[in-house]
Amino acid sequence: MRTDKLAIGLGKTVAVAVILVWSLFPIAFLVLSSFKPGQDIFAVPPKLVFSPTVQHYVELWNGWGVFFSGLLNSTIITAGATIIAITTSTAAGYVYSRYSSRMLDASVMFLIIVRLIPPIVVTLPLFPIINAIGLNDTHIVLMVLYATFFVSLGTVLMRTFIDQIPRELDEAAQIDGAKRLTILRRVIVPLAAPGILAVAVFVVVFAWNEFLFAFIFTATKAKTAPLVISEMIGSIDGVDWGVLFAASTVQLIPVLLFVIFMNRYLVAGLTAGATKG
Amino acid sequence: MASLRLAGLKKSFGAVDIIKGVNLEIKDGEFVVFVGPSGCGKSTLLRMIAGLEDISGGELYIGDRLCNEVQPRERGIAMVFQSYALYPHMTVYDNMGFGLSLNKTPKPELDARVREAARILKMEHLLERKPSQLSGGQRQRVAIGRAIVRKPGVFLFDEPLSNLDAALRVDMRMELAKLHRDLGATMIYVTHDQIEAMTLADKIVVLDGGLVQQVGSPMELYKNPANKFVAGFIGAPKMNFLPVKVQSVAGDTAMVASDTMSPIPVKGRGFSVGDPAWLGIRPQFLKPGPPTDGEGALRGRIALVERLGTETIIAVDTAENERVVAAIPVDVELAFGDAAEFQFNPQAAHLFH
Ligand SMILES: Nc1ncnc2c1ncn2[C@@H]1O[C@H](COP(=O)(O)OP(=O)(O)O)[C@@H](O)[C@H]1O
Ligand SMILES: [Mg+2]
């Protein structure tokens with residue numbers, strides 16, 4: 001009995017360890033390499049002991065100004081996409097949760113089906129249109145595009161969250177004199193905050209890392225950080241791996257911190273909802 | 001303050017008629033209780049008055065104003081929900097002040113009104129708490145406080161006490177009665193509990209199947225129930241109903257009898273000879289012992305004796321297999337299976353179709 005439990009416990013620990021190593025190894029490799037002197041990066045066997053240097057970061061700063069403007073673009077686009085996605089999803093989720101009609105019920109199916117089509121199929125034909133209305137290489141086109149990919153999932157998620165908020169709260173607020181938008185802002189949004197954060201995490205991670213659509217729809221003015229990193233690989237004077245790793249680390253850190261920070265709220269929010277009863 | 005008039009009020013959900021034409025006058029300052037079994041449409045009717053449900057037919061007047069299409073916030077009402085419906089993310093203070101803050105009431109006035117309501121409900125010390133840090137009874141007070149702060153003409157309560165334990169329920173009942181005396185506002189109160197109805201109401205509205213069965217003061221309903229439903233619903237233990245046949249009719253008195261009961265005269269209108277009818281006798285009017293002259297009699301075997309201290313509840317199964325309940329103010333030497341005989345004054349009995 002006791003040895004059984006011990007074995008299971010050990011098994012679990014090993015499994016968790018394997019998963020951790022599996023997912024952390026690339027990140028650790030990336031971050032460590034960015035601090036290694038150039039000749040140590042691909043040394044065989046890999047050097048675990050080395051004298052750390054910020055040389056690659058200095059080179060990045062001095063030689064790749066375009067990377068930092070890419071980061072700025074990424075930040076603007078990610079923030080914009082996130083704001084559009086959570087606003088739309090919350091408003092739509094509220095409507096789906098609180099109203100019911102044949103049209104609405106049918107449109108839920110539509111939301112889900114649309115999401116099953118590969119985005120690229122829907123998006124590529126937009127290229128000439130976007131060109132024609134002069135939105136090519138602007139922040140706004142990627143903001144709208146990224147937000148759009150998550151509105152269906154976000155709406156379904158927000159609907160589930162808002163379903164858990166008793167309708168009587170809306171009604172109490174209605175009697176208190178609140179109009180629809182006030183109810184949404186003052187009652188629903190604060191209580192659905194964990195859901196909103198969850199949607200935000202999805203959008204932020206996606207928008208921050210997205211490559212393909214950024215590649216198609218931007219050129220210079222709105223170029224995002226992942227594009228600049230890819231250019232480093234195709235650089236004419238050969239790949240400077242140290243700078244590449246430094247850039248990747250800089251690109252990785254904010255979103256990693258964001259997810260770790262949000263994770264606490266996500267878990268807290270989800271369990272709080274579960275035990276409210 | 002406000003009076004109300006409901007004229008032929010109707011509500012259907014799709015093809016299902018829930019409220020089938022309710023006519024009612026409510027005077028300014030009256031405490032009116034809607035009572036009826038679960039599912040009879042009490043909440044729906046209250047929510048129509050609140051403006052939370054659309055009105056399918058008829059007219060609703062609050063004061064002199066036709067309110068069918070008026071937004072809830074403009075009806076001058078406040079509502080206390082069964083689940084309290086407090087805003088979980090706001091403090092008690094903000095819960096109570098929310099309505100006033102929405103209509104841009106100046107801060108000092110808002111503060112004064114919230115504190116006044118808190119004083120009335122003796123919960124000044126709870127103002128900074130969140131609803132999750134309150135007991136059920138305290139949440140109930142906050143919900144009532146939120147209503148008071150709005151100074152509505154009409155208070156609407158939907159089973160406000162049903163989530164409280166029995167002792168607290170009795171306390172809150174008395175507090176609500178006091179609140180009504182102090183504020184003098186019109187109150188409409190929904191409950192399925194006839195004791196709450198009897199103790200709180202100036203006027204009881206008995207509902208069943210989406211229709212008003214009877215309107216009257218508690219004692220009017222108790223003494224003169226309009227039909228078998230009201231008679232069975234008001235009063236505890238429930239009124240006994242025995243099947244009888246009408247043997248003769250003289251004015252508003254009918255002679256009725258059954259196989260096991262000799263003929264007795266009972267007040268009742270609209271009966272003709274040969275009609276089947278229900279003889280209604282309240283348990284409190286049954287007395288142990290054989291009938292003396294002119295009294296009705298019931299015989300059977302004791303099925304159950306419950307000694308409550310203040311009274312003894314005795315269930316008797318008659319020879320016709322009817323279960324009859326008697327409530328006797330003294331203890332009696334009776335046990336399960338004993339043969340027993342009860343008598344009653346026919347003038348205290350009711351006759352229903
Ligand atoms: N939104 C709704 N849609 C359909 N039927 C409803 C709705 N609300 C209430 N009902 C029905 O109306 C009837 C009366 O409900 P309700 O007024 O809540 O009863 P009560 O409060 O007297 O218990 C019930 O049969 C209920 O199922
Ligand atoms: Mg109800």
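The shown structure was predicted, so the numbers you read here are calculated from the model rather than taken from an experiment. First the proteins, then the strands, lettered A, B, ... as listed; each starts at 1.
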Residues 133-145 of chain B: residues contacting chain A (heavy atom under 4.5 Å, by number): none

Spacing of CD1 belonging to I188(A) relative to NE2 belonging to H89(B), to within rounding of 0.5 Å: 9.0 Å

Gap separating the OG atom of S101(B) from the CG atom of D176(A), nearest 0.5 angstrom: 8.5 Å

Nearest heavy-atom neighbours spanning A172(A) and A85(B): CB-O, 3.9 Å

Residue among R73(B), R150(B), R75(B), R146(B) satisfying side chain to side chain contact (heavy atoms under 4.5 Å, CB included) with I175(A): R150(B)

Would you say [X] has more than 12 foreign heavy atoms packed within less than 6.0 Å of its [atom1]?
| X | atom1 | value |
| --- | --- | --- |
| F68(A) | CZ | yes |
| L181(A) | CG | no |
| D64(B) | CG | no |
| F110(A) | CZ | no |
| F211(A) | CZ | yes |
| D182(B) | CG | yes |

E171(A) side chain near M79(B) side chain, heavy-atom distance below 4.5 Å: no

Close side-chain approach of P88(B) to I165(A), heavy-atom, < 4.5 Å: no

Donor-acceptor pair, side chain of Y87(B) and main chain of R186(A), under 3.5 angstrom: no

Proximal component of R167(A), with respect to chain B [non-hydrogen, under 4.5 Å]: neither

Is it the side chain or the backbone of [X] that comes within 4.5 Å of chain A heavy atoms, both, or neither?
| X | result |
| --- | --- |
| L86(B) | backbone |
| S132(B) | neither |
| F81(B) | side chain |

